[in-house]
K.L.:
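Please find one structure pasted underneath; my questions will follow.
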Number of protein chains: 2
Amino acid sequence: MSDKNFSVKNADDSSGFLLWQVTALWQRGIKKALNVHNLTHSQFVLLASLLWLSRQSEEVTQIDLSAHSKIDPMTTSTVLRTLQTKKFLKRKEHVTDTRAKVIELTDEGASVTKVALKTVEKFDSDFFSTLGEGQKDFNKIVLNLISKNK
Amino acid sequence: MSDKNFSVKNADDSSGFLLWQVTALWQRGIKKALNVHNLTHSQFVLLASLLWLSRQSEEVTQIDLSAHSKIDPMTTSTVLRTLQTKKFLKRKEHVTDTRAKVIELTDEGASVTKVALKTVEKFDSDFFSTLGEGQKDFNKIVLNLISKNK
DNA sequence: TGCATATAATAAGTATACTTATTATAATTG
DNA sequence: CAATTATAATAAGTATACTTATTATATGCA
C-alpha cells in the first residue's frame with residue numbers, strides 16, 4: 001500500500017486535506033443553518049461585519065467591509081449589491097470621497113443580522129462542542145497559522 | 001465596546017470565523033502554488049484521488065471519486081469533464097454498470113498529478129511548519145471535528 | 001419475476017471567489 | 001501645482017459548490 005508518489009500513508013495524515021475537509025463540512029452546515037434566514041454565509045459575514053463596524057464608524061465603505069471580513073473587494077461588491085436588492089442595506093455616496101460608497105444597514109437588515117448571529121453562534125457552539133476546553137487551544141493554533149501565513 | 005448582539009469580544013474568539021479565515025488563506029496559497037501546473041485545487045484533489053484509488057481498483061467511477069474527495073457528485077462531474085478537455089484523464093463506459101463512467105488517468109495526467117503532489121506537499125509543509133510537533137495534535141483535533149460533525 | 005427503491009450522472013440555475021483590466025478620483029511628492 | 005502613484009469600485013471572464021429535478025439503469029425483495 002505504499003507509493004512513492006504520496007508522502008503520507010493516507011489522507012488523514014495531511015493537515016491541508018483535513019483542514020479543507022473540515023471547512024467544507026462546516027460550510028455546508030452553516031449554509032443549511034442560514035438557509036432559514038435566506039442568507040448565504042458570505043452575505044451573513046458581510047452583514048455581521050457591517051453591524052460590527054457601524055458601532056465605531058459612521059461611514060463604513062465597501063473596502064472597510066472587505067478588509068474586516070477578508071472577502072476580496074470584488075466579491076464584496078457583488079454580495080453587497082445582492083444584499084441591497086434584498087433591502088438589507090443601502091449604498092450611498094460618500095460625502096468626501098466620491099469614489100467610495102457608504103454602506104448602511106436598513107432596519108430589516110439589522111434585525112435579520114441579529115437573529116442570524118444567534119443562529120450562527122448556536123451552530124458554531126454545537127460544531128466545536130466536541131473540543132470542550134480544547135477549543136481555546138484550537139483557536140490559538142488557528143490564530144498562529146493565520147498570523148504566520150498572511 | 002461590548003454589544004449584546006455579539007457573544008464574543010472580537011472575531012478572534014470565534015472558532016468558526018477563524019476556521020473560515022485560515023482555510024481561505026490556505027486556499028489562496030494552494031491556488032497560487034498550483035497555478036504553475038495550470039490546475040485548480042479541486043482539479044488537483046480529483047486527480048490525486050484518482051491516482052490513489054487507481055492503485056486499488058481497476059474501475060474508478062465518478063461516484064468513487066466524489067466519495068473519496070468529498071467533492072459533491074455534480075461538481076465532480078463538472079471538474080472531471082474539464083480535466084478530460086485538458087486531456088489529463090479519459091471517461092469510458094463502465095462494462096457492467098452502464099450508468100457509470102470509468103475514469104482513467106492519461107499518461108500526461110498521471111505525470112502532472114505526480115509533480116503537482118510535490119508542489120502541494122511542499123506548500124502544506126511550509127504552511128503548517130509553524131505548528132512544529134503540534135501538527136499531530138492539530139490533525140487529531142481536526143479529525144475529531146470531522147468525525148463528530150459528519 | 002416484477003415492481004418499488006436506490007443509484008450514477010448530469011442539466012439548469014444561483015451564488016461565491018478569484019483574476020485581470022478599467023474608470024474615476026484621491027493623495028503624495030518633486 | 002502638476003505629475004505620479006495609490007485607492008475604491010466594478011466589468012468581464014473562469015471555475016467551483018451547491019440546489020432541485022431528470023434520465024437511465026441497477027438492485028432488493030415480496
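This one's a predicted model, so the numbers in the text were calculated from it and none came from an experiment.
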K.L.:
What's the CZ-P distance between A:R81 and D:dA9, to the nearest Å?
P.N.:
11 Å
K.L.:
Whole-Å distance between D:dC18 P and A:L25 CG?
P.N.:
10 Å
K.L.:
Determine the interplanar angle of the A:H68 and A:W52 rings, folded into 0 to 90°, and report it as parallel if under 30°, tilted if 30 to 60°, perpendicular if over 60°.
P.N.:
parallel
K.L.:
Starting at CG of A:L46 and ending at C1' of C:dT16, how long is that distance when rounded to a whole Å?
P.N.:
11 Å
K.L.:
May I have the distance from B:L65 (atom CG) to D:dT16 (atom P), rounded to whole angstrom?
P.N.:
14 Å
K.L.:
What class does the angle between the rings of A:F138 and A:F128 fall in, given that below 30° is parallel, 30 to 60° is tilted and above 60° is perpendicular?
P.N.:
tilted
K.L.:
Given D:dT10, D:dT16, C:dA8, identify the nucleotide with an atom nearest to the side chain of A:S77.
P.N.:
D:dT10
K.L.:
Does B:K101 put a side-chain nitrogen or oxygen below 4.0 Å from OP1 or OP2 of C:dT10?
P.N.:
yes
K.L.:
I'd like to know if the side chain of B:T130 and the backbone of A:K148 have a donor-acceptor N/O pair within less than 3.5 Å.
P.N.:
no
K.L.:
Taking the nucleotide of DNA chain D with the closest heavy atom to each, which residue, A:T75 or B:V79, is nearer the 5' end?
P.N.:
A:T75
K.L.:
Nearest to the side chain of B:D72, heavy atoms from C-beta on, is which of C:dA24, D:dC18, C:dT7?
P.N.:
D:dC18
K.L.:
Find the distance B:L80:CG to C:dA11:P and express it as a whole number of Å.
P.N.:
13 Å
K.L.:
Going by salt bridge (Lys or Arg N to Asp or Glu O under 4.0 Å), A:E104 matches just one of A:R91, A:K90, A:K92. Which one?
P.N.:
A:K92
K.L.:
Measure from CH2 on A:W26 to P on D:dA17 and round the result to the nearest Å.
P.N.:
15 Å
K.L.:
Check this one for me: any side-chain N or O of B:R28 less than 4.0 Å away from OP1 or OP2 of C:dA17?
P.N.:
no
K.L.:
Could you work out which one of C:dC18, C:dA15, C:dA17 sits closest to the side chain of A:Q43?
P.N.:
C:dA15
K.L.:
What residues from residues 84-98 of chain A pass a heavy-atom cutoff of under 4.0 Å to DNA chain D?
P.N.:
A:R91
K.L.:
What is the distance, to the nearest angstrom, from the CD atom on A:Q27 to the P atom on D:dT16?
P.N.:
16 Å
K.L.:
Look at all strands and tell whether B:S66 reaches a base, only sugar-phosphate, or nothing, counting heavy atoms closer than 4.0 Å.
P.N.:
nothing
K.L.:
Let me spell it out: for each of B:Q62 and B:W20, pick the nucleotide of DNA chain C with the closest heavy atom. Which residue's pick is nearer the 5' end?
P.N.:
B:Q62
K.L.:
With DNA chain D as reference, determine whether A:R99 or B:T82 sits nearer its 5' end, using the nearest nucleotide of each.
P.N.:
A:R99
K.L.:
Would you mind classifying the nucleic acid contact of A:T40 as base, sugar-phosphate or nothing, using non-hydrogen atoms under 4.0 angstrom?
P.N.:
sugar-phosphate
K.L.:
Of the options C:dA26, C:dT19, D:dT19, whose atoms approach the side-chain atoms of B:M74 most closely?
P.N.:
D:dT19
K.L.:
With a 3.5 Å distance limit and no angle check, can you tell me whether A:N144 reaches the backbone of A:I141 through a side-chain donor-acceptor pair?
P.N.:
no
K.L.:
For residues A:L19 and B:F123: do they belong to one hydrophobic cluster (side chain heavy atoms under 4.5 Å, members Ile, Leu, Val, Met, Phe, Trp, Tyr)?
P.N.:
yes
K.L.:
For B:L65, run the side-chain contact (heavy atoms from CB on, under 4.5 Å) check against B:V45, B:V60, B:I71 and tell me which one passes.
P.N.:
B:V60
K.L.:
Could you tell me which non-hydrogen atom of A:L39 sits nearest to which non-hydrogen atom of A:K86, and how far apart they are?
P.N.:
CA-NZ, 4.4 Å
K.L.:
Can you check the B:H41 NE2 to C:dT19 P distance for me, whole Å?
P.N.:
16 Å
K.L.:
Select one nucleotide: of D:dC18, C:dT10, D:dA17, the one nearest the side-chain heavy atoms of B:P73.
P.N.:
C:dT10
